[in-house]
Amino acid sequence: MKAIRSEIVDELKRDVSFPAERFMTLFKQPDIAERGDLALPCFPFAKELKRKPDEIARDWAARFAGKPLFAKVEAEGPFLNFTFSGPELARRIVPATLAAGEAYGNGAEGRGKTVVLDFSSPNIAKPIAFHHIRSTVIGNAIANLHEARGWKAVRINYLGDWGTQFGKLIVAYKRWGDEQELRRKEIRHLLDVYVRFHKEVETQPELEDEARQWFVRMEQGDEEALALWRLFYDISLKEFGRIYDRLKIRFDHFDGESLYRDRLDEVIRLVDEKVGTTVSEGAVIVDLTDAKLPPCLLRKSDGATLYATRDIAAAIDRYERFHFDRLLYVVAHQQSLHFSQFFKVLERMGYPWAKSLEHIAFGMLGLKDRTMSTRKGEVIFLDEVLDKSVALALDAVREKNAELADKEGVAAMVGVGAIVFGDLVNRRTNDVTFEWERILSFQGETGVYVQYGYARSRSMHRKAGALDRSLFDPALLDRAEERDVLKLIGEFPDRLEYACEACDPSVVARHLVELCRAFNRVYTIEGYRFLAEDAALRATRLMLAEATTIVLKRGLSLLGLEAPEEM
Ligand code: ARG
């Protein structure tokens with residue numbers, strides 16, 4: 001569709017000195033569908049042309065008379081409204097989509113550029129909490145989108161694997177830990193003893209000091225401390241790996257906070273040299289008053305380093321290793337202040353790349369039905385939510401299609417997909433509340449809905465058998481419903497480009513829902529049959545359906561969902 005907009009611009013741009021790039025951004029969706037497919041407001045040209053926008057619109061409309069791409073070009077007040085010809089769209093879009101196949105939607109803006117994504121990044125030694133799904137699936141989708149648009153993406157899981165909490169865990173494990181329990185319950189045993197620490201510390205505050213000492217020992221490279229930490233680390237990674245496998249998400253690097261433990265003195269020295277630090281109540285800080293920010297804490301009075309210290313070290317390291325053009329931190333908006341602070345420190349250190357750092361913040365996630373949390377008020381774990389969703393999907397699959405061969409396989413795709421899509425369909429910055437009925441509904445803006453749209457079209461193709469593409473006749477795709485589908489297929493690459501730039505996968509999720517809806521409207525045209533008697537009609541309609549499935553599958557896959565061939 002971008003190519004089409006630029007054709008319009010080419011036709012008009014010689015009349016005005018308006019830069020073509022900005023010209024391209026002027027187009028709007030007409031408020032009322034009857035007005036057409038695309039509207040160009042003519043106000044921006046009035047001054048230069050010394051004429052009323054209405055007159056410009058009227059004049060320009062005449063330019064498009066007789067052009068095959070348009071069924072109608074009309075002036076409506078100051079707007080120039082374009083209605084595309086369905087057959088002409090079909091001629092341009094369908095063969096191109098089929099030819100591109102799985103590569104449909106790809107772009108080249110990112111060629112030669114690198115994006116580094118810091119996402120998921122859970123804290124070790126406890127199971128991944130449900131709300132961590134957000135960073136995980138949003139980050140994954142944004143990485144996929146960048147790859148689709150030509151970027152090289154580097155996926156980093158910045159595990160929370162260093163900090164005073166591991167001192168606490170060492171104390172707790174040494175007191176209440178049990179090797180057999182650990183083997184049996186794995187990460188959950190670590191959580192148990194950690195929870196116990198917080199209970200016991202209320203009556204034994206000295207535990208707190210002990211914990212601090214253990215963390216200091218960790219930072220000094222003490223063997224016993226590090227052996228325990230290693231044990232916690234390995235158990236955690238085993239558990240996390242299982243979850244990432246279920247979600248079909250992979251990382252290029254598991255580079256946690258601990259990677260930087262030996263470079264922190266050097267980093268603090270560097271900050272001091274380039275920006276200057278102050279000592280406040282024994283702690284080392286960077287004063288950020290003139291940036292209207294609270295001070296950035298680099299070292300506590302007991303000598304321990306902090307989250308910000310490690311993030312500064314990590315950013316420098318990532319630039320040295322990857323020379324990124326974009327470094328994206330996909331992290332909840334609660335951490336905004338932390339990011340503003342250490343971004344500011346890096347900027348003041350004079351790194352030109354500091355402006356390429358972005359905090360990709362997102363809203364909170366909740367479950368409406370919290371009955372699944374075992375003990376009240378406790379965190380909900382991601383694997384439990386996935387289990388429940390897959391179980392519910394299995395019930396639905398059994399009920400809807402008793403004949404289906406691989407019910408478990410489909411239930412896994414649908415159940416996990418429901419959670420992933422249920423998250424991604426929301427604008428990234430919004431808060432999200434999950435309701436089981438809603439995210440697993442076969443209607444509405446759900447993964448199931450899109451997967452079902454895909455599976456249904458695939459079954460139709462299986463029934464149709466081999467298809468003679470040479471019979472394609474775009475003139476046969478002249479219904480308004482078909483034109484809507486064509487437009488959405490044609491817009492898909494543009495939507496990917498935008499979603500990538502804005503780091504918002506919801507743009508893609510919503511587009512898929514819209515496409516499914518439009519496609520269903522074709523299905524329900526009175527008397528309409530894809531498997532028509534007439535061979536040309538049949539081939540042409542099936543090719544439209546095939547182009548639709550290409551977009552659905554590609555879109556789902558970019559979002560991290562699988563597309564079942566049958567449901
Ligand atoms: N581990 C942190 C948490 O669970 C998220 C880390 C985000 N990334 C970063 N570079 N600070 O909240």
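Here, residue 1 is the first one in the sequence, and each next residue gets the next number. Note that these values count all heavy atoms, side chains included, but never hydrogens, waters or copies made by symmetry. Indexing begins at 1, ligand by ligand and atom by atom, following the structure's order.
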Look up atom CG in Asp311 and atom CD in Gln341, then write down how far apart they are to the nearest 0.5 Å.
11.0 Å
Those protein residues which place at least one heavy atom below 4.0 Å from ligand 1
Asp118, Ser121, Asn123, His132, Tyr158, Tyr307, Asp311, Tyr329, Val331, Gln335, Phe339
Should the pair Tyr194 and His198 be assigned to parallel (<30°), tilted (30 to 60°) or perpendicular (>60°) ring geometry?
perpendicular
Pair Tyr244-Ser120, side-chain donor/acceptor within less than 3.5 Å
yes
Not counting sequence neighbours, list each pair that qualifies as a ring pair (Phe, Tyr, Trp, His ring centres under 6.0 Å) and has a residue in residues 278-315.
Tyr307-His338
Does the cation-pi check pass for Lys274 over Tyr351, that is, NZ or CZ under 6.0 Å from the six-membered ring centre and within 45° of its axis?
yes
Which residue, Arg175, Lys174, Lys168, forms the salt bridge (charged side-chain N to carboxylate O under 4.0 Å, His left out) with Glu210?
Arg175
